[in-house]
Protein chains: 2
Amino acid sequence: MDGCVTPEPDAARVAATRDRLVTPQEATRLAELFRLLGDPTRARLLYALLEAGELCVCDLADVVEVTDTAVSHALRLLRTAGIVASRRAGRMIYYRLADGHVRMLLDLSREHLREVT
Amino acid sequence: MDGCVTPEPDAARVAATRDRLVTPQEATRLAELFRLLGDPTRARLLYALLEAGELCVCDLADVVEVTDTAVSHALRLLRTAGIVASRRAGRMIYYRLADGHVRMLLDLSREHLREVT
DNA sequence: TGCATATATGAATAGCTCTTCAGGTGTCGT
DNA sequence: ACGACACCTGAAGAGCTATTCATATATGCA
């Protein structure tokens, strides 16, 4: 069953891993989540929201130093994926991180980088 | 200083956020980390390692159902970024997740998806 | 109603990424 | 030393992505 000649203990581990492994669908969704965090502009937007709690589009553009349009495009992707949430106040729209998991992900990875460096 | 006319409290928040925000360099490194997790093949490889602890290239290819070559390319990126580590045993090379942070990231995001769904 | 502001959207292009193919390196068994 | 095996690497093409420009929608104010 293996593609290569693995020692006995490995064969068992391979079988067990294949059973417990995330499904392709789940993997796709996980990858999609990470992929959305994996762009410098979007990452900065998210960390800005992590610090500020809530910001409108133009302030986000100002903080991150990107065009309003680029921010809007980025936020649409993040919003569609449920990573950020929005609320309207007059003509401005305030964005925030969608939930605690996202906050933890951002926090954890920042820590990771600070320790690895 | 703002790109738009923000209410008073917001202006303060914008200034504070700009100060505390991750630097562009840090953001780039964070995005790079996430970007590497953000591919279905690499994600499956990492979750396979999360389950198995350690696997050689050909067993990884077998579990994830991808070409040896594709796995090799993927692992090189992950290894270079310090996300996985490797050890040679004879002609096989065993890969494992590099550290606890990576494991936590994978765990946390899987939980996130399971709760959101 | 008319104008300015804040954000969203669509199309297009430049740049990047993943996979595959072909070939290369290193290790084991005989 | 030779052949088989496990893995790596470089080049190339198909496909995807992020930004920009132009335009559209929506809200507030006079």
Side-chain angles (χ1 to χ4, degrees), chain A residues 2-7 10-11 14 24 27-28 31-46 49 54-81 84-96, chain B residues 2-7 10-11 14 24 27-28 31-46 49 54-81 84-96:
Chain A
D2 301 327
C4 56
V5 186
T6 49
D10 286 27
V14 168
T28 302
E32 178 68 6
L33 169 63
F34 286 127
R35 194 183 64 80
L36 287 169
L37 308 185
D39 168 78
T41 299
R42 289 194 294 266
R44 292 195 88 207
L45 287 172
L46 292 170
L49 292 177
E54 193 180 57
L55 284 174
C56 65
V57 175
C58 58
D59 282 349
L60 276 169
D62 189 47
V63 170
V64 176
E65 294 176 293
V66 181
T67 312
D68 305 20
T69 303
V71 172
S72 202
H73 277 298
L75 287 174
R76 186 168 59 80
L77 292 174
L78 295 170
R79 184 173 8 104
T80 302
V84 301
S86 62
R87 126 187 119 79
R88 164 156 247 149
R91 36 187 155 172
M92 301 193 196
I93 297 183
Y94 286 90
Y95 282 85
R96 61 185 181 279
Chain B
D2 301 327
C4 57
V5 185
T6 48
D10 285 28
V14 167
T28 301
E32 179 68 5
L33 169 63
F34 286 127
R35 193 183 64 81
L36 287 169
L37 308 184
D39 168 79
T41 298
R42 288 193 294 267
R44 292 195 89 206
L45 287 173
L46 293 171
L49 292 177
E54 194 180 55
L55 285 174
C56 66
V57 175
C58 58
D59 281 349
L60 276 169
D62 189 48
V63 169
V64 175
E65 294 176 293
V66 181
T67 313
D68 305 20
T69 304
V71 172
S72 203
H73 277 298
L75 287 174
R76 186 167 58 80
L77 293 174
L78 295 171
R79 183 172 11 102
T80 303
V84 301
S86 61
R87 125 186 120 80
R88 163 157 248 148
R91 34 186 155 171
M92 301 194 197
I93 297 183
Y94 286 90
Y95 281 86
R96 61 184 182 281

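Chain naming here is simple, since letters A, B, ... match the order of the sequence lines and numbering starts at 1 in each.
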Could you check how far [atom1] of [X] sits from [atom2] of [N], rounded to whole Å?
{"X": "B:R35", "N": "C:dC18", "atom1": "CZ", "atom2": "C1'", "result": "11 Å"}
{"X": "B:D39", "N": "D:dC16", "atom1": "CG", "atom2": "P", "result": "13 Å"}
{"X": "A:L37", "N": "D:dT17", "atom1": "CG", "atom2": "P", "result": "15 Å"}
{"X": "B:L45", "N": "D:dC7", "atom1": "CG", "atom2": "C1'", "result": "14 Å"}
{"X": "A:D62", "N": "C:dT7", "atom1": "CG", "atom2": "C1'", "result": "16 Å"}

Can you pull out the residues from residues 85-96 of chain A that lie within a 4.0 Å heavy-atom distance of DNA chain D? A:R88, A:G90, A:R91
Name every residue in residues 67-79 of chain B that has at least one heavy atom under 4.0 Å from any atom of DNA chain D, in order of residue number, or write none if there are no such residues. B:T69, B:S72, B:H73, B:R76, B:R79
Atom of [X], atom of [Y] and distance for their closest heavy-atom approach:
{"X": "B:V63", "Y": "A:V14", "value": "CG2-CG1, 3.7 Å"}
{"X": "B:R79", "Y": "B:S86", "value": "CD-OG, 3.8 Å"}
{"X": "B:A61", "Y": "B:D68", "value": "CB-OD1, 3.9 Å"}

Are the side chain of A:R44 and the backbone of B:A27 linked by a donor-acceptor contact shorter than 3.5 Å? no
Say you draw a straight line from [atom1] of [X] to [atom2] of [Y]; how long is it, rounded to the nearest 0.5 Å?
{"X": "B:E32", "Y": "B:T80", "atom1": "CD", "atom2": "OG1", "value": "10.0 Å"}
{"X": "B:D59", "Y": "B:Y95", "atom1": "CG", "atom2": "OH", "value": "13.5 Å"}
{"X": "B:R88", "Y": "B:C56", "atom1": "CZ", "atom2": "SG", "value": "12.0 Å"}
{"X": "A:T28", "Y": "B:D39", "atom1": "OG1", "atom2": "CG", "value": "9.5 Å"}
{"X": "B:L60", "Y": "B:L49", "atom1": "CG", "atom2": "CG", "value": "5.0 Å"}
{"X": "A:Y94", "Y": "B:D10", "atom1": "OH", "atom2": "CG", "value": "3.5 Å"}

Bend angle of the helix from C:dT1-D:dA30 to C:dT30-D:dA1 from five-pair axes at both ends, rounded to 10°? 30°
Test B:V71 against B:V64 for side chain to side chain contact (heavy atoms under 4.5 Å, CB included), laying out the working first. CA-CA 9 Å; B:V71 172; B:V64 175; 5.7 Å; no
